Amino acid sequence: MILPRSFYERETVTVARDLLGCYLVHQDDDGTTGGRIVEDEAYIAEDPAAHSFRGMTPRNAVMFGPPGHAYVYRIYGLYDCVNVVTGREGSGEAVLIRALEPVIGIGLMQKRRRATDRRSLCSGPGKLTQALGITRALNGASLLDGPLQVWSRESLPGPAEDPAIVQTTRIGITKAAERPLRFYLGGSSYISRP
DNA sequence: GTACTGATTTTCT
DNA sequence: GAAAATCAGTACC
């Protein structure tokens with residue numbers, strides 16, 4: 001049920017597509033929270049929008065490490081965003097998790113987010129880390145064991161039919177903005193934007 | 001409903 | 001010193 005390292009050690013765009021429908025789950029002292037991944041973005045080698053584009057720095061070092069680990073960084077001084085490291089070790093590639101459909105621990109998510117509407121709990125990269133209690137303390141953590149995990153699609157009962165995957169441009173970037181590296185489940189009402 | 005703005009701080013140049 | 005893989009609130013149709 002936990003996705004193996006071999007899942008992540010593939011072409012990043014393929015991993016981004018295959019992650020849709022899988023579950024991101026975090027456990028801590030307050031409880032367990034998790035949801036279905038419904039939106040993500042690929043950041044790849046030779047990609048001016050990727051943090052790894054200009055080589056390794058203290059912040060992005062985890063992106064250059066082994067696949068199957070979490071890269072968590074702070075954005076705009078306020079929010080944390082979570083990525084999964086993908087591809088070959090040293091390539092500096094990752095997939096940003098942008099939105100979840102809340103499934104596990106919805107009450108705890110509502111408390112952490114101070115919101116009740118399910119659609120607003122995890123519909124954005126900063127929102128979902130807040131709902132799941134993911135912070136930079138998890139930067140570099142393995143997703144194969146430990147408190148933050150990714151489970152396969154079959155781990156929990158999901159929709160009867162897989163909705164079509166929509167591929168479009170990434171959100172919030174200025175460099176390489178035209179590259180279609182954002183993926184989401186068509187028809188999901190839990191994505192950050194259409 | 002859409003559009004614009006302020007918050008807030010880390011990070012790298 | 002500027003920019004940043006964002007969000008919530010306000011203003012205005």
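All chains are named by letter (A, B, ...) in the order of the sequence lines, taking the proteins before the strands, and each is independently numbered beginning at 1. All values reported here derive from a predicted model rather than from experimental measurement.
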Chemist: Grab the NE2-P distance between A:H51 and C:dA4 for me, whole Å please.
Modeler: 10 Å

Chemist: Any chance you could lay out the side-chain contact (heavy atoms from CB on, under 4.5 Å) test for A:I191 and A:S123, step after step, and finish with the verdict?
Modeler: CA-CA 5 Å; A:I191 58 176; A:S123 54; over 6 Å; no

Chemist: Does a nitrogen or oxygen in the side chain of A:R98 sit under 4.0 Å from OP1 or OP2 of C:dT6?
Modeler: yes

Chemist: Does A:H51 offer a backbone N or O that forms a donor-acceptor pair with the side chain of A:N60 under 3.5 Å?
Modeler: yes

Chemist: Rounded to the nearest angstrom, tell me the gap between atom CG in A:N139 and atom P in B:dT10.
Modeler: 15 Å

Chemist: Could you tell me the separation between the CG atom of A:D117 and the C1' atom of C:dA8, rounded to a whole number of Å?
Modeler: 14 Å

Chemist: Would you indicate which nucleotide in B:dC12, C:dA5, C:dT6 comes nearest to any side-chain atom of A:Y79?
Modeler: C:dT6

Chemist: When all nucleic acid strands are considered with a 4.0 Å heavy-atom cut-off, which category describes A:R59: base, sugar-phosphate, or nothing?
Modeler: sugar-phosphate

Chemist: Quick one: is the NZ or CZ of A:R170 closer than 6.0 Å to the six-membered ring centre of A:Y43, and within 45° of its axis?
Modeler: yes

Chemist: Tell me whether the NZ or CZ atom of A:R74 lies within the 45° cone about the ring axis of A:Y76 and under 6.0 Å from its centre.
Modeler: no

Chemist: In whole angstroms, how far is the C1' atom of C:dA4 from the CD1 atom of A:I171?
Modeler: 16 Å

Chemist: Just to confirm, is there a sub-4.0 Å distance from OP1 or OP2 of C:dT6 to any side-chain nitrogen or oxygen of A:R74?
Modeler: no

Chemist: Got a second to check how far A:L3's CG is from A:L19's CG, nearest 0.5 Å?
Modeler: 7.0 Å

Chemist: What's the closest nucleotide to the A:R136 side chain, out of C:dA4, B:dC12, B:dT10?
Modeler: B:dT10

Chemist: Please determine whether any donor N or O and acceptor N or O are separated by less than 3.5 Å between the side chain of A:Y76 and the base of B:dA7.
Modeler: no

Chemist: If you only use heavy atoms from C-beta on, which nucleotide in C:dA5, C:dT6, C:dA4 is closest to the side chain of A:T174?
Modeler: C:dA4

Chemist: Does A:S192 make a side-chain N or O approach to OP1 or OP2 of C:dT6 shorter than 4.0 Å?
Modeler: no

Chemist: From C:dA4, C:dA5, C:dC7, pick the nucleotide closest to the side chain of A:P125?
Modeler: C:dC7

Chemist: Starting at atom CG of A:D80, determine the distance to atom C1' of C:dT6, rounded to an integer number of angstrom.
Modeler: 11 Å

Chemist: What's the CZ-C1' distance between A:F53 and B:dT13, to the nearest Å?
Modeler: 15 Å

Chemist: Report yes if a side-chain nitrogen or oxygen of A:K175 is closer than 4.0 Å to either non-bridging phosphate oxygen (OP1 or OP2) of C:dA5; otherwise report no.
Modeler: no

Chemist: Looking for any heavy atom pair under 4.0 Å, which part of the strands does A:I75 touch: base, sugar-phosphate only, or nothing?
Modeler: sugar-phosphate

Chemist: Output the rounded distance in Å from CG (A:L78) to C1' (C:dA5).
Modeler: 14 Å

Chemist: With distance as the sole test, does A:R112 use its side chain to make a donor-acceptor pair with the main-chain N or O of A:A131 at under 3.5 Å?
Modeler: yes

Chemist: Taking pairing as Watson-Crick or G-U wobble with both contacts under 3.5 Å, can you name the mate of C:dA5, or confirm there isn't one?
Modeler: none

Chemist: Mind checking A:R182 for me? I need base, sugar-phosphate or nothing, with any heavy atom below 4.0 Å counting as a touch.
Modeler: nothing

Chemist: Roughly how many Å is it from CZ in A:R113 to C1' in C:dG9, rounded to a whole number?
Modeler: 13 Å

